[in-house]
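Ligands are counted one by one from 1 in listed order, and the atoms in each one are counted from 1 as well.
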Amino acid sequence: MNFADQVCKVVEMKGPLVVGMDPHLELLPPYLLEKWLRERGNNLQALAYCVMEFGELVIEAIHDIVGFVKFQMAFYELLGVPGLMVLKNLVDRAREKGLTVILDGKRNDIASTAACYARAYLSGIEYPLERSIPSFWDVDALTVNPYFGEDGLTPFFEEAKKVNKGLFVVCRTTNPSAPFLQDEGREEKVYFKVARLVERMGEKMIGDSGFSSAGIVVGATYPEDLRMLRAEFPSLLFLIPGVGAQGGGLETLRFAFRDDGMGALVNVSRGVLFAYRESGKLDGRGFERLVRTKSIDYQERFRELQR
Ligand SMILES: O=c1ccn([C@@H]2O[C@H](COP(=O)(O)O)[C@@H](O)[C@H]2O)c(=O)[nH]1
């Protein structure tokens, strides 16, 4: 069973929600932030402890009802080395709890450097005398930037295939100025070309589900593009951000799923993690109960769209 087949199995069991583990510092529950700053002082290590406890509480609250988490690396990189250690701990905790982990790093470069990223995040290090060291980041899938073209993408596809991991290549992004570059192109728009390239490069990664382990990132904020992409690329898994805080609607996500309800993973970060802010509980105590309630709510709403 390859990564794509595994994704379909988990979607069938739990639903397509991906909880985005994006610890925006300014939105963290004030009681937690105050506790760690009081105990450890005003420094990166204190913030990292706070993010760690926050992440652990989220994982504990959702692991039995959610199948996927996506860690946005930027929020952990912000906290320097302590932040990266927290990221590592949370990734391991999530996997121990049975969650499928997507690392949102949007990596790429020229081929020789991309190979290094691909080994770092996917396959690990192989060196002479048949010795090898597994990847430090024990994740299930990585997001990748397509701007370098096929030679930049190739190492990610090769390494992912070797160790049966997943890729999500950035295709149609959620941000307002996305069309400025992504809608360029003579015969075909750039984002469509990206999807076509991923489809071709991932042909040999198609599993029994009919999906390839190399998918694309498609924003919920461009529903018509989402619909066209699904119609044209039935074998691509979509990782869909943009629901909630960025204003992406739910109804149009119906088009993202294949007839059997498979094919789309929907990421919600702020809309789930910080639900306590809509509840009037200003210090955030018990925020994790609302994370759970909101996750259940999203899974139910997605289930309706999958029919
Ligand atoms: O086009 C893109 C690509 C990635 N993202 C990432 O998804 C989440 C969205 O967070 P919300 O709080 O649910 O808006 C975040 O990690 C982004 O970096 C995206 O939004 N758009």
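Looking from atom 17 (C) of ligand 1 to the surrounding protein, the closest heavy atom is Gln72 NE2, 4.0 Å. Closest to atom 1 (O) of ligand 1, if we only count protein heavy atoms, is Thr174 N, 2.9 Å. In this structure, atom 9 (C) of ligand 1 lies nearest to the protein heavy atom Gln246 NE2, 3.5 Å.
Aromatic rings of Phe168 and Phe156 (six-membered ring for Trp) have centroids beyond the 6.0 Å cut-off, not under it. Between Phe255 and Phe238, the ring centre distance reaches or exceeds 6.0 Å.
Near Asn267, meaning under 4.0 Å from any of its heavy atoms, are these atoms of ligand 1: 7 (O), 8 (C), 9 (C). Heavy-atom proximity to Arg270, at under 4.0 Å, picks out these atoms of ligand 1: 11 (P), 12 (O), 13 (O), 14 (O). The atoms of ligand 1 that sit less than 4.0 Å from any heavy atom of Asp104 are 6 (C).
Residue contacts with ligand 1, taken as heavy atom pairs separated by less than 4.0 Å, do not involve Val170 at all. Contacts between Lys70 and ligand 1, counted as non-hydrogen atom pairs separated by less than 4.0 Å, involve the side chain only. Residue contacts with ligand 1 for Thr143 are absent, since no atom lies close enough (heavy atoms, distance under 4.0 Å).
Of the polar atoms of Thr173, none of the N or O atoms is found under 3.5 Å from an N or O of ligand 1, judged by distance alone.
In this structure, Phe68 and Leu99 have side chains that are not in contact, with every pair of non-hydrogen atoms separated by 4.5 Å or more.
Put simply, the residue from Arg292, Met21, Glu288 that forms a side-chain contact (heavy atoms from CB on, under 4.5 Å) with Val58 is Met21. With Leu167 as the fixed residue, the side-chain contact (heavy atoms from CB on, under 4.5 Å) test singles out one of Ile102, Leu153, Thr143, Val144: Val144.
Residues passing the ring pair (Phe, Tyr, Trp, His ring centres under 6.0 Å) test with Phe302, sequence neighbours excluded: Tyr298.
Cation-pi geometry between Lys88 and Phe136 is met: under 6.0 angstrom from the ring centre, within 45 degrees of the axis.
The closest non-hydrogen atom to atom 5 (N) of ligand 1, taken over Ser269, Pro241, Gly242, comes from Pro241. Across Val18, Val272, Asp22, heavy-atom proximity to atom 15 (C) of ligand 1 is greatest for Asp22.
Although no hydrogens or angles enter the test, the distance criterion places a donor-acceptor pair under 3.5 Å between the side chain of Lys14 and the main chain of His63.
The local environment of OH in Tyr147 is sparse, with at most 12 non-hydrogen atoms from other residues, nucleotides or ligands closer than 6.0 Å.
By the 4.0 Å heavy-atom criterion, Lys106 is counted among the residues contacting ligand 1.
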